[in-house]
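Scope of the values below: all heavy atoms of this structure, side chains included, with no hydrogens, waters or symmetry mates. Order of the sequence lines sets the chain letters (A, B, ...), proteins ahead of strands, with each chain counted from 1.
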Amino acid sequence: AMVAMPALPRAKEKASGGRLIVAADSEPKNLNPAIVASNGVFFIASKVIEPLAEAAFNGEGGLARRLATSWEGSEDGLSVTFKLREGVKWHDGRAFTSADVAYSAMNVWKPLQNLGRIVFANLEAVDTPDANTAVFRFSRPTPLQLIRNALPVVSSVIPKHVFDGTDIASNPANTKLIGTGPFRFAEYKPGEFYRLTRNEDYWGKGEPKLDEIIFRVLPDRAGAASALEAEEIHLAAFSAVPLSDLDRISKVPGIEVISKGYEALTYQLVVEINHRRKELADLKVRQAIAHAINKKFVIDTIFLGHATASTGPVPKSASEFYDPDVTTYPFDTAKANALLDEAGYAKGSNGVRFSLKLRPAPYFNETKQFGYYLRQALAAIGIDATLVNADAAAHQKAVYTDHDFDLAVGPPVFRGDPAISTTILVQSGIPAGVPFSNQGGYENKALDALVAKASETIDAEARTEIYRQFQKIVTADLPLINVAEWGFITVARNTVLNVADNPRWAVSNWADTALRS
Amino acid sequence: MARALRLIRRRLIGSIPVLLIVVVLTFLLLQSASGDAVDAYLLSMGGGDAAIAQSLRQSYGLDQSEIARLWLYLSSLARLDLGWSVAFGRPVADLILERLPNTLLLMGSATALAFGLGTSLGIVAGARPESTTDKVVSALSLILYAIPSFWLGLVLSIVFAVQLRWLPSSGIETIASGKSGFARAADIALHLILPVGALGVIYMALFLRVMRSAMAEVWKLDFVAFARAKGLSRSRIVLRHVARNALLPLVTMLGLQSAAMLGGSVVIESIFAIPGFGRLAQEAVTGRDTPLLIGIILTSALLVVLVNLLLDLVYALLDPRVGAAEEGA
Amino acid sequence: MTLLRQTIGTGEGAIGAAILSLLILIAVFASVLCPGDPLNIAGPPLTPPFTQGSLPLGTDSLGRDLLAGVVHGTRTSLSVGLAAAAAAMAFGVCIGLAAGFSGGIVDEALMRLVDAFQIVPGFLLALAFVSVAGSSAHVIVIAIALGAWAGPARLMRAQVLSIREREYVAAARVIGAGPAEIVFKEILPNALPPVLSLSAIIVAAAILTESALSFLGLSDPNVVTWGSMMSEGRNVLRSATWLSIFPGLALLTTVIGIYLLGEGVTKAIGRGRPGS
Amino acid sequence: MTLLCSIRSLRVTYHGQANPALDFAALDIQAGGRLAIIGESGSGKTTLARAIASLLPENSKHTGEILWPARSTPLPGRDLGFVFQDPSASLNPVLTVGEQVAEGARRHLRLSWHDALRHARDLLERVQLPDPEKALKAYPHQFSGGQRQRIAIAAALAAQPSILVADEITSALDMVVQAQLVALLNELVRDAGMTLIFVTHDIALASGLADRLAILKQGKLVETGAAAKVLAEPESSYTRTLIASHRSLSSPSLLRDTSA
Amino acid sequence: MLLSVENLTKRYLSGSRQTTALDDVSFTLGKGETLGLAGVSGSGKSTLARVLLRLVPADTGKVHFEGEDWLTLSGASLRRRRARMQMVFQDVLAAFNPRATVGSVLDDPLRIHSGKRARDRKQDVATLLDRVGLPTGFADRSIREISGGQRQRVAIARAIATRPSLIVLDEAVSALDVSIRETILELLVELQQERGISYLFISHDLAVLRAVSHRIAVMDAGRIVETGAASQIIDRPQSPAARALIAAVPRLVTDAR
Ligand SMILES: Nc1ncnc2c1ncn2[C@@H]1O[C@H](COP(=O)(O)OP(=O)(O)OP(=O)(O)O)[C@@H](O)[C@H]1O
Ligand SMILES: Nc1ncnc2c1ncn2[C@@H]1O[C@H](COP(=O)(O)OP(=O)(O)OP(=O)(O)O)[C@@H](O)[C@H]1O
Ligand SMILES: [Mg+2]
Ligand SMILES: [Mg+2]
């Protein structure tokens, strides 16, 4: 049953309300997606709080309208005008207006949100000529392409009347969410579950289809699979069922394995490099490491086929920007060894050229396994790597603040536009302490200039061209090594309908998700 | 009764310096950690920049010196205020009170199972040392002792929850079931069977072995020979004379093991998704949530102190000689 | 030496010693039995056991040789267990001796420290310590020892207090022996055996604790341990049960072996004690 | 007097020991008599007493016969009371004195607990324990060694046995207490017409109490016979040594110069 | 006077209960003299021995021993002086380190007090063994492998090793079989006459005390209730305590009743 399920035909089946139970593996402290734009938050909050637009398989520009019905950029790139949906009500009964959007943008997205701080860095003001129009004004030209690509992630709108005049960071509505979405936030029992109930006043016709969604907290990875099989839950997203168990579980009657629905949530497997290390500052050494990695093995064995090999910093799934015509590093141990010899790092009597400290990020099983693999791959070319295991906070501090690493394995996310979270991985001048940024001490003036130029280029085509250039430089100079990119897997009982019908399905509003009766 | 009260008061006051040591050591431990609460929080946010980190550190008071923070914490502790959890954004006391019942339920049931079954089987084995029954029961208990509880937990859950579907695979009760009263209690009991089994079995084996060997020791004592010389029935000798005395080391053992059992529940709680202390502690550590971790460890320690106090009282009931030493003291 | 003979004389001791000698042999000759890094990928992933001659126990999900893992895991598990127990013993004995012999305020202070470590759940402490200090082998050893030294310390103190009152200590004082001589010649050698007989159970518990830590992902990634093997195996517990069965059996055997040996030693000490 | 028990070719060996702890041809015990078994440490006194009471430990093997011509083999507790050497070890520390005295009566006399405890009270009174009513609820550690031995005697007598075996019941106590206990035993046995088997290493103590002596040395029965005869005309040299080494108040001082 | 004890008092506190183990005890002991100390169990005999040996502190009172204020000595000077006053314990097994050999037991006091080298001490150990009637080969035996009587000989050898002027014997023969007891008593008397040692001989058996004591003191409830020449105490006891002790000595009845 391992298929990318075509969602549409199923939608016609008879469905009637019901309670959908879903596995959740974390309990974010702050559940407000306007402040914390992360997938863990979206997974739950996106059903309650909606963005201006959501990603879509076949919407205009890859977007589906949500709270905004249209968006238009000015020629000079200094403003974007949003037309907002009419007749939308907050869960507390108040009407949704442009003031809410203005408030969210100016008071939350720009100053507080982890990604909004980048995208809306130059946002000066939001004008609200009427209740259904919001005009974003920028102090410097800002590409509409970037704004559009960022919309699903950065534009969760929260009610002004609840937050205005309070300390936003500690407002109780950050956990007891109030939004406009198809589901209302009903109950949270820490350590046990979140319960969302149907919003009768939802603007979408005939939506939502479910009466209730329950996110059941299952911190243990083996727990989700067991619960699915025991029919205690209906669905486990974000690869909560380990990849290695998929083959077996796909054969269980009544359970389906779905690999669609994460197209806009691409994670990248990246080897971060500390360029302060003399050896690693040498391009030949970096090239040798790139040649030493057998991407096919990584895809086949670690990801069990549920990933693709990377060519560069932009994933293939981002077809708008992706450029396949870049320097590649086929698996070639002999060449890698030759490069290292050339670089002047001869093997010692014990076969070791030099030693490195390798820190795989602890967040995913796959990053850890890749750490094991990389250690062995490096050993094959005479580099002795010592693995260092640390928990998330320690890894964070060691790599992104203390720079106490030589190589690190990280899983950055590609969020629709290189400017949001990709360029930061290679740009220079980022202060220490910023997670998922270039903390390897890499500095390339040309690359920095390119990134700066892209941020002001209004024309989408020109901007895309700059990013193609960007990919060429990155792959040639290897500030970091992109190994693979992957989306997650959803495992669901086959009674769940309309699963994976958009490229950010797990973190979308599930208004049309239904249970077959 | 007055003596018991006096004992309780003395022991509780006596444990204050101990608990203080626990607090300070835990504090120092987390201080020496790499990464702080803000690092952990930024991570859960999926990133953030240096300015956010700076302002968060300021708002959590993490920019102050360690001594100042320890002092602040201790003085609020003196007012019985456990502080504010950074990772959960809620008062630590609330979090602890929320999880405590689950942990107590799990621990209590596991202890009852381990102790009840352990002593009973221990008596069966110890009734005739070196007999076949003894050897079989002892060997089985040794195997049970050596099976890691996490592995047992996984296997139990697969067999009884997934394959046979007799029992729920995880959780403390059926979520949002709306059950109450007796139905809810029954539901919780059903959910507890597997985790309690996984956690209790190892201690059951331990208690069994202690009981058995304690009985073997008691068998050698003169008063047992005297009981035989009195022509008493075997069951009376085994239960009233041998087992009754062998129970004493077991009570001591139970006190020593209570801390270990609390620790053992960490893994079991995570496997069976039971929102208890163990999981909370794990989250506190990963979140570098110093006040929360101290709160948990402090509460656990206090729990252990109370259990031991209770056991001392039980011991005094079981062993008349103890009362004599304590008399009037 | 006689103790060893007496220990083997007990049934438990003989079985325990046999199991343990075998394990120690395996640990010592691990690199001969299974040469090369056991973390290396040796074949296709998830090869079932007994299907391929070169990989008798099959491979794990990365294709690492399971037999090599189990064999080399013997070394890590045993050395972590023994090192942790040795550290706990050494520290506990010193503290207990100091407390029992000095008495007064020193005793009081040391015993409060012992109490503090005894009322904190050891595994919680180990978990926090390893999370905080990073999971390398020596950190794990210290973490386990931290949760285990209080027991020996308390027993040592009780022993010292009891032996201090024995007639032969009085006899030593009567002939004019100095305090150092009394501590190290009269008290320590006689106080030690019952404390040492705790070590078996501490080693067994240490090995189990290490495996539980590994299970939670807190193991040294540069070495194989049975716990980390089981931890990785649990993802495929249903489809590739052997991944957790073999290390599990190894763990089981080891713990049983050590436990039995410990019971043998305790019995032997009990027999050897005068007047009993 | 009638023959109560006759022992023939008794040989008792403890597990793991090369030599038998007891090995002799014949010993007769008269009904209503008082037999003293005398010997030094390790000579097999306890072993013999236990063999008579069929209370040999499990790690021993025995051959030979112990015959009871006039009756069936006495059941320990019911027909035969046994008192042990060490009064501080032979009582269960965690049970009340009342329960430990009453349990034998309850089992063998089939009394209710209530009646058994009343019976126990009477027994404690008979062994001259002060305040027997209170003693019922007290625990062994609250009594002195001599008092504990009285309690043990009361417990042994609970089912009104016709034979009492007392195994060195005074050797752990001081002499004043010893004298009191011996007097008590004398009285009890006389009143109830019981057969007494009295084990001791003190030949003088035996001489004041027993009518027959059995002298043991390294598991062998070196001499047996009427007390008066054995003491007056000892046959074996060992008996003579025992008598000679006895030290009484009138024995000469070892000091040559008593003027110091 | 070798030893004079004045108004010694010692109380034990266990829980809230207080036991007066020694209650204003005074007596003297001359050189080469044996003072027998009799009394029922718990009368305070062992406590007196332990106070004298400085194993437990006294509450009040004075002890003069060989002209020194014995109770104020401390540290190294006390340890040095201990050579002069030795003790033989009642429980023959418990008084030895279970790991010791006969040789090491006898070597210890010599090492501490004689200042001789190890090789010379070997000879002294042999002499000591010989003196108490044990074969020299015994030096290598473990203390657990020899009989009770032999052990008590070793204990006596240990006590005389430092050439003391006073030996306190606390129930030193009570646990021994009668035949062995006699030879030990003889050995003790012999040693006294040979070396002029004084004994404080503790026993609850007046028959034994009579055999070895010049004078006898009777204790009861922590007090010395009667002191006098051995024969006088036994023939004309004044205190009820002494009378009870005398009455308790079993008499060998050889005539038929
Ligand atoms: N339970 C036992 N197991 C093994 N050997 C035993 C046991 N009981 C006694 N013996 C041995 O049997 C022999 C006779 O012992 P027994 O106890 O009968 O002597 P006894 O005359 O009562 O000595 P005592 O005066 O010391 O009580 C001794 O050598 C003793 O070591
Ligand atoms: N360490 C102690 N703590 C408390 N009380 C003690 C201690 N030692 C002795 N006593 C008490 O002091 C009193 C005198 O004891 P001591 O041992 O001196 O008597 P004793 O004459 O030697 O008796 P025995 O003949 O039984 O050896 C007794 O009542 C005893 O219970
Ligand atoms: Mg005996
Ligand atoms: Mg005494």
Side-chain angles (χ1 to χ4, degrees), chain B residues 3 119 123 126-134 211 214-252 311-328, chain D residues 46 49-50 52-59 74-97 99-109 137-142 148-149 151-159 161 163-167 172:
Chain B
R3 205 173 77 214
T119 34
I123 291 174
R128 285 181 194 275
E130 306 297 326
S131 65
T132 315
T133 320
D134 176 26
M211 184 71 187
M215 281 180 72
E217 286 303 310
V218 176
W219 275 114
K220 294 180 193 154
L221 298 180
D222 272 5
F223 65 77
V224 178
F226 191 50
R228 278 181 165 164
K230 283 193 260 183
L232 301 179
S233 66
R234 178 136 194 126
S235 63
R236 183 166 176 88
I237 295 177
V238 167
L239 294 176
R240 197 74 186 136
H241 287 273
V242 180
R244 177 71 170 65
N245 275 277
L247 217 50
L248 296 175
L250 215 65
V251 171
T252 312
L311 288 175
D312 280 355
L313 295 176
V314 169
Y315 197 100
L317 280 183
L318 287 180
D319 188 347
R321 288 164 296 184
V322 174
E326 289 285 346
E327 224 148 70
Chain D
T46 299
R50 281 171 172 258
I52 293 170
S54 36
L55 281 172
L56 280 173
E58 276 161 17
N59 67 341
L75 277 181
R78 192 181 73 196
D79 310 314
L80 179 146
F82 203 112
V83 187
F84 287 67
Q85 180 165 355
D86 184 355
S88 47
S90 61
L91 294 176
N92 188 330
V94 301
L95 300 184
T96 60
V97 164
E99 180 175 350
Q100 296 189 65
V101 176
E103 59 185 351
R106 184 177 148 73
R107 175 165 171 82
H108 301 298
L109 306 180
K137 293 196 189 69
Y139 290 91
H141 73 268
Q142 293 164 313
R148 276 181 226 170
Q149 207 56 298
I151 294 167
I153 294 173
L157 295 179
I163 309 166
L164 181 66
V165 183
D167 182 5

R236(B) and E99(D) ion-paired at < 4.0 Å: yes

Contact leader toward chain B among S54(D), P93(D), G104(D), where contacts are heavy-atom pairs under 4.5 Å: P93(D)

Identified side chain to side chain contact (heavy atoms under 4.5 Å, CB included) counterpart of R244(B) within the set L239(B), L318(B), V218(B): L318(B)

Heavy-atom pair count under 4.5 Å with chain B, highest-scoring of A159(D), A152(D), P161(D): A152(D)

Euclidean distance, L221(B) CG relative to H241(B) NE2, rounded to 0.5 Å: 12.5 Å

From L164(D) atom CG to I153(D) atom CD1, the distance as rounded to the nearest 0.5 Å: 7.0 Å

Region of E58(D) in contact with chain B, defined by heavy-atom distances below 4.5 Å: side chain

Parallel, tilted or perpendicular: ring planes of Y139(D) versus H141(D), cut at 30 and 60 degrees: parallel

Contact origin within R106(D) toward chain B - heavy atom pairs under 4.5 Å: neither

Sidechain-backbone polar pair: R107(D) side chain, G231(B) backbone, donor-acceptor under 3.5 Å: yes

Which portion of A138(D) sits near chain B, non-hydrogen atoms under 4.5 angstrom: neither

Part of A155(D) lying under 4.5 Å from any heavy atom of chain B: both

Contacting moiety of L75(D), where chain B heavy atoms sit under 4.5 Å: neither

